[in-house]
Amino acid sequence: MSQSAAISNQTKRWQEMDAAHHLHPFTTHKDLAQKGARVITHAEGVYLYDSEGNRLIDGMAGLWCVQVGYGREELAQAGYKALKELSYYNSFFQTTNPYVAELSQKLSEVCPKGIDRFFFANSGSEGNDSAVKIIRYFWNLQGKPNKKAFIARKKAYHGVTMVAASLSGLTHMHPQADLPLPGFHHVDCPDWFAEGGDMTPEEHGLKTAQSLEEKILELGADNVAAFVAEPIQGAGGLIIPPKGYWEEIQRICRKYDVLLHVDEVICGFGRTGNWFGSDTFGIEPDMINMAKGLSSGYQPIAAVGLGKRVGDAVFNSDNEWSHGFTYSGHPVAAAVALANLELMQKEKLVEKAGGATGSYFQKKLAELGDHPLVGGTRGVGVIGAIELVKDKKTRQKFDNTLDVGTRCRNHCFSNGLVMRAIGDTMVLSPPLTITESEMDELFSLARRCIDLTAKDLGVS
């Protein structure tokens, strides 16, 4: 939608109310108030519709999450049924509900091997916050109270609570709240495209993995509780680790008895062509965090999954575990999540993401590599990145003042496509239900918008 064009009175009223009273995530509010927020009113399949009647193909599945596409009647009916039968009750006071019990069982069937106990929260941020508490509790139960330091990676994104933001290695989130908190540390990430220089991706991956061992030795292994990482770093620029990286990370964690907590919020539920990114990269986690695709975004829900070592310690403790949320295991959210997983299984969406859908998506993505502005593409399953560069041979980026990624993103919105910009890296992660004809449309629009960006920059 072109915000400069004349808009309807109804859209204007919504924009005025929003500007006056609604604080958005990651927003410069006074700028948005002058521009006017885009008002999305409904969605169907892979398409969004705004209040002015414009249609956009959602190349980001919301925020990496709408696996089954928009408007699925099965999920609406599951929520409606639960709302009528048990609109709410808590899971405190030695109480459960059928939906969360069945969801827990279902998750034990699809999660990585050994992950079979689950604590429910409402967002990935809450999940990672909870995971840190669980890990600290675990080491206290082991009689090792000094193992409290957490190591994550630069450019990592693990959420926005005080703890989750401290885990995150996106440093622009830290100054406003005086973060990170004490005890949180960051090591190198395998961002070969931006930082690999003349090394091969495998050489760079091994080098960055070994920075974990260096940090453990610096802090002292007896002080390090866990290493926390995404299988693929999403908001940090869709950083896909090369072969050998995760093998080395796991060797190091085992050598120094450091727990491996894998943040599957983006990679989970089919995105990489398997149920979880851990399956795709051969990771054997002690714990995982999941959200987003768990309900395809239809309800707020997250879960921390525990493997045997941590799960048994928490389960068999004589102490009451002092943690939980009002909405942990909310019956309506659990019912919708359960229906979502059943629908994914029925339609074989994970198998398709690892097969025909993922193959076609990666083929179309790679075709953009011939564009003079594109320095490279990369992807796995139904997720991909496009690097916009000044020099294809050296991988040199444009000057930050040119805002190349933002330019491209704005062209996308104006031409009916949602494609995210992370710096000058353009990212795609559409619903797993996307068809070949819809992918043709998506990548045709992406090429058009990259063309328009190149024209802005005088690149031909």
Side-chain angles (χ1 to χ4, degrees), residues 43 45 61-92 94-124 126-127 130-131 264-272 274-279 287-307 311 324-354 431-433:
L63 273 176
W64 325 82
C65 56
V66 188
Q67 316 298 62
V68 300
Y70 295 96
R72 299 305 298 263
E73 182 70 17
E74 300 93 331
L75 273 59
Q77 289 297 331
Y80 179 56
K81 180 175 182 291
L83 280 166
K84 290 195 300 180
E85 293 177 352
L86 183 64
S87 56
Y88 170 72
Y89 197 67
N90 64 72
S91 54
F92 291 62
Q94 301 182 4
T95 301
T96 191
N97 65 73
Y99 306 107
V100 76
E102 293 184 17
L103 176 59
S104 300
Q105 172 64 35
K106 177 65 71 176
L107 284 174
S108 74
E109 296 168 4
V110 302
C111 277
K113 183 179 179 180
I115 302 292
D116 66 356
R117 287 193 174 98
F118 304 93
F119 169 76
F120 291 94
N122 308 290
S123 71
E126 284 185 4
S130 299
E264 292 272 8
V265 169
I266 287 174
C267 293
F269 304 101
R271 182 57 57 190
T272 65
N274 289 287
W275 274 100
F276 288 88
S278 293
D279 303 321
M287 298 168 52
I288 65 174
N289 186 37
M290 66 198 89
K292 294 187 185 292
L294 174 55
S295 70
S296 281
Y298 279 57
Q299 285 285 292
I301 187 169
V304 182
L306 309 183
F325 302 109
T326 299
Y327 300 125
S328 293
H330 191 289
V332 179
V336 172
L338 180 62
N340 174 64
L341 300 185
E342 290 173 343
L343 182 60
M344 291 183 68
Q345 289 180 318
K346 177 183 176 182
E347 297 187 353
K348 299 187 182 302
L349 294 182
V350 177
E351 292 85 348
K352 291 175 181 176
L432 304 184
T433 52

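In what follows, every heavy atom counts, from backbone to side chain, and hydrogens, waters and symmetry copies are set aside. Fair warning: this is a prediction, and the values are worked out from it, not measured in the lab.
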Practice task
Indicate yes or no for a side-chain donor-acceptor contact from Asn289 to the backbone of Gly124 under 3.5 Å, with no hydrogens or angles considered.
Solution key: yes

Completion exercise
Value for CG (Asn340) from CD (Gln67), rounded to nearest 0.5 Å, stands at 7.5 Å

Completion exercise
For Val100 and Asn97 the tightest heavy-atom approach is N-OD1, 2.9 Å

Problem - Heavy-atom side-chain contact between Leu103 and Ile301 under 4.5 Å - result: yes

Problem - CZ-CD distance between Arg72 and Gln77, expressed to the nearest 0.5 angstrom - result: 13.0 Å

Handout entry: Which atom of Leu341 lies closest to which atom of Lys106, heavy atoms considered
Key = CD1-CG, 3.7 Å

Practice task
Find out whether Pro112 and Asp279 are in side-chain contact, i.e. whether some heavy atom of one side chain is under 4.5 Å from a heavy atom of the other.
Solution key: yes

Exercise for the section: Ignoring hydrogens and angles, tell me if any N or O in the side chain of Ser91 forms a donor-acceptor pair with the backbone of Gly329 under 3.5 Å. Expected result: no

Handout entry: Contact check, side chains of Phe325 and Asn122, non-hydrogen atoms, under 4.5 Å
Key = yes

Problem - Asp116 (side chain) donor-acceptor with Gly311 (main chain) under 3.5 angstrom - result: no

Practice task
Quick one: sort the Tyr327 and Tyr88 rings into parallel, tilted or perpendicular, breaks at 30° and 60°.
Solution key: perpendicular

Handout entry: Donor-acceptor contact below 3.5 Å, side chain Lys292 vs main chain Gly268
Key = no

Practice task
Identify the heavy atoms of Ala82 and Val332 that sit nearest to each other, and give their distance.
Solution key: CB-CA, 4.0 Å

Handout entry: Residue pair Trp275 / Glu109, side-chain heavy-atom distance below 4.5 Å
Key = no

Exercise for the section: Spell out, as yes or no, whether a donor-acceptor pair under 3.5 Å connects the side chain of Glu264 to the backbone of Ser278. Expected result: yes

Practice task
Answer whether the closest heavy-atom distance between the side chains of Met344 and Val110 falls below 4.5 Å.
Solution key: no

Exercise for the section: First locate atom CZ of Phe118, then atom CE of Met290, and finally report the distance between them rounded to the nearest 0.5 Å. Expected result: 5.0 Å

Practice task
Answer whether the closest heavy-atom distance between the side chains of Phe92 and Ser328 falls below 4.5 Å.
Solution key: no

